[in-house]
Amino acid sequence: MDYETISVAPIAGGLGAEVGGVDLSRDLPNATIGEIRAALLEHLVIFFRDQHLTPEQHLALGRRFGALQVHDFVEAMAGYPEILEVRKEPEETRNFGGGWHTDVSYLERPSLGSLLYALEVPAYGGDTLFANQYLAYETLSPGMQRMLDGITAIHSARRPYGVNSARAQEYGPSSMRFNFSQKAHDEIEHPVVRTHGETGRKALYVNRTFTIRFKDMTEAESAPLLHYLCDHAVRPEFTCRFRWRANSLAFWDNRAVQHNAVNDYHGQRRVMHRVTIEGERPA
Ligand code: SIN
């Protein structure tokens, strides 16, 4: 696709492009927002360098793409309910978002997309991985595709945010505040293969963090196929890796992408702000 108001340069074969020629702190014309949306649909995750955003500007940018979500289980940044501060301090060992997932897939209406802005990054490490879930679906055999087209999966937030979650049991230092609760044990049904509301393409929609089993099956019965699909979904050729710098912003499409925050920077600080856009019920 040709772009008139922005430059778009792919960074990998599977997905991901760096977008230039735009200052995200400004109230951008509709034509530019339209091209950013088009680049997101074409490349699934887009990256912007050297942006200088206040929390208000970050929120205003997110709102150009839809209503914003408030996280049910992570305390927001003080004074900004729609900003989730993703923080890891030098003395902490756990990170947030480490492990492949799509954001809040345990909700009836999971997020359309997320805009993550880097305030402080480690000297090395702390990259984020992304994986293209159209490719994950399209590279399955026709027989497997036919079978999955009719299957429903159960998603829940109970592994990371349930009352018995590993993080809830742990007493290590944590600069992020979590609301571990019974509500995290709620279950929601989503199709294993979803059709993207804007592109019409089919994407695999299961992830290791929130998908717990297939409908009408036990966890033990579901595990072999679920493990296979979760491994397949993140094959290296479906992925890209983003090396953060302070003032970079990543915008990914949760309808067709999984991501994973690499936890390889113990002893260093990493601080990001995440804004999440409300999506539709997967179909
Ligand atoms: C997230 O899962 O939203 C966090 C990603 C990251 O910190 O790289």
Side-chain angles (χ1 to χ4, degrees), residues 11-12 15-16 18 40 44-49 51 53 58-59 61-62 65 68-77 80 82-90 92-107 110-131 133 155 157 159-161 165-167 174-178 184 207-211 230 233-234 239-266 268-279:
I11 67 159
L15 79 168
E18 202 158 311
L40 180 73
L44 315 188
V45 55
I46 49 181
F47 307 105
F48 303 81
R49 297 288 191 190
Q51 301 294 325
L53 296 180
H58 190 183
L59 290 167
L61 176 67
F65 298 93
L68 304 184
Q69 289 177 314
V70 175
H71 205 287
D72 285 322
F73 305 111
V74 185
E75 278 182 25
M77 182 181 162
Y80 297 95
E82 293 149 323
I83 295 184
L84 194 159
E85 188 169 84
V86 178
R87 176 183 285 269
K88 185 179 170 218
E89 291 290 344
E92 296 176 49
T93 53
R94 287 192 79 108
N95 74 334
F96 178 82
W100 286 104
H101 63 286
T102 48
D103 289 326
V104 298
S105 74
Y106 52 82
L107 294 180
S111 83
L112 177 153
S114 304
L115 297 104
L116 187 68
Y117 177 59
L119 286 105
E120 194 171 337
V121 298
Y124 55 84
D127 297 355
T128 307
L129 311 176
F130 298 89
Q133 299 307 287
H155 295 239
R159 286 191 189 129
Y161 307 121
S165 70
R167 209 189 272 268
S174 174
S175 51
M176 294 177 69
R177 294 274 159 260
F178 299 92
N207 68 84
R208 217 180 268 295
T209 305
F210 301 124
T211 312
C230 289
V234 298
T239 70
C240 70
R241 180 176 190 125
F242 187 58
R243 174 87 194 100
W244 291 96
R245 296 199 301 256
N247 307 313
S248 301
L249 181 137
F251 183 8
W252 62 86
D253 185 338
N254 278 301
R255 300 164 292 184
V257 171
Q258 288 198 50
H259 60 282
N260 183 350
V262 181
N263 190 15
D264 61 348
Y265 56 97
H266 297 331
Q268 303 182 72
R269 175 179 293 122
R270 182 176 184 270
V271 185
M272 326 283 278
H273 283 175
R274 191 180 92 181
V275 163
T276 307
I277 303 157
E278 191 174 287

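The shown structure was predicted, so the numbers you read here are calculated from the model rather than taken from an experiment. Numbering of ligands and ligand atoms starts at 1, following listing order. Note that these values count all heavy atoms, side chains included, but never hydrogens, waters or copies made by symmetry.
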Using 30° and 60° as the class boundaries, would you call the ring planes of His101 and Phe210 parallel, tilted or perpendicular? perpendicular
Do Met176 and Glu85 have side chains that approach each other closer than 4.5 Å (heavy atoms only, starting at C-beta)? no
Candidates Thr102, Thr128, Leu116 - the one meeting side-chain contact (heavy atoms from CB on, under 4.5 Å) with Trp252: Leu116
Could Glu89 and Arg87 be called an ion pair, given the rule that one side-chain N must be under 4.0 Å from one carboxylate O? yes
Enumerate the pairs of nitrogen or oxygen atoms, one from ligand 1 and one from the protein, separated by less than 3.5 angstrom; state names and distance to 0.1 Å.
unit_1	atom_1	unit_2	atom_2	d
ligand 1	2 (O)	His101	NE2	3.0
ligand 1	2 (O)	His259	NE2	3.0
ligand 1	3 (O)	Arg274	NH1	2.7
ligand 1	7 (O)	Arg270	NH1	2.8
ligand 1	7 (O)	Arg270	NH2	3.4
ligand 1	8 (O)	Thr128	OG1	2.6
ligand 1	8 (O)	Arg270	NH2	2.8

Taking the side chain as C-beta and beyond, is there a heavy-atom pair between Val234 and Arg208 under 4.5 Å? no
Option from Ile277, Asp103, Thr276 for which side-chain contact (heavy atoms from CB on, under 4.5 Å) with Leu112 holds: Ile277
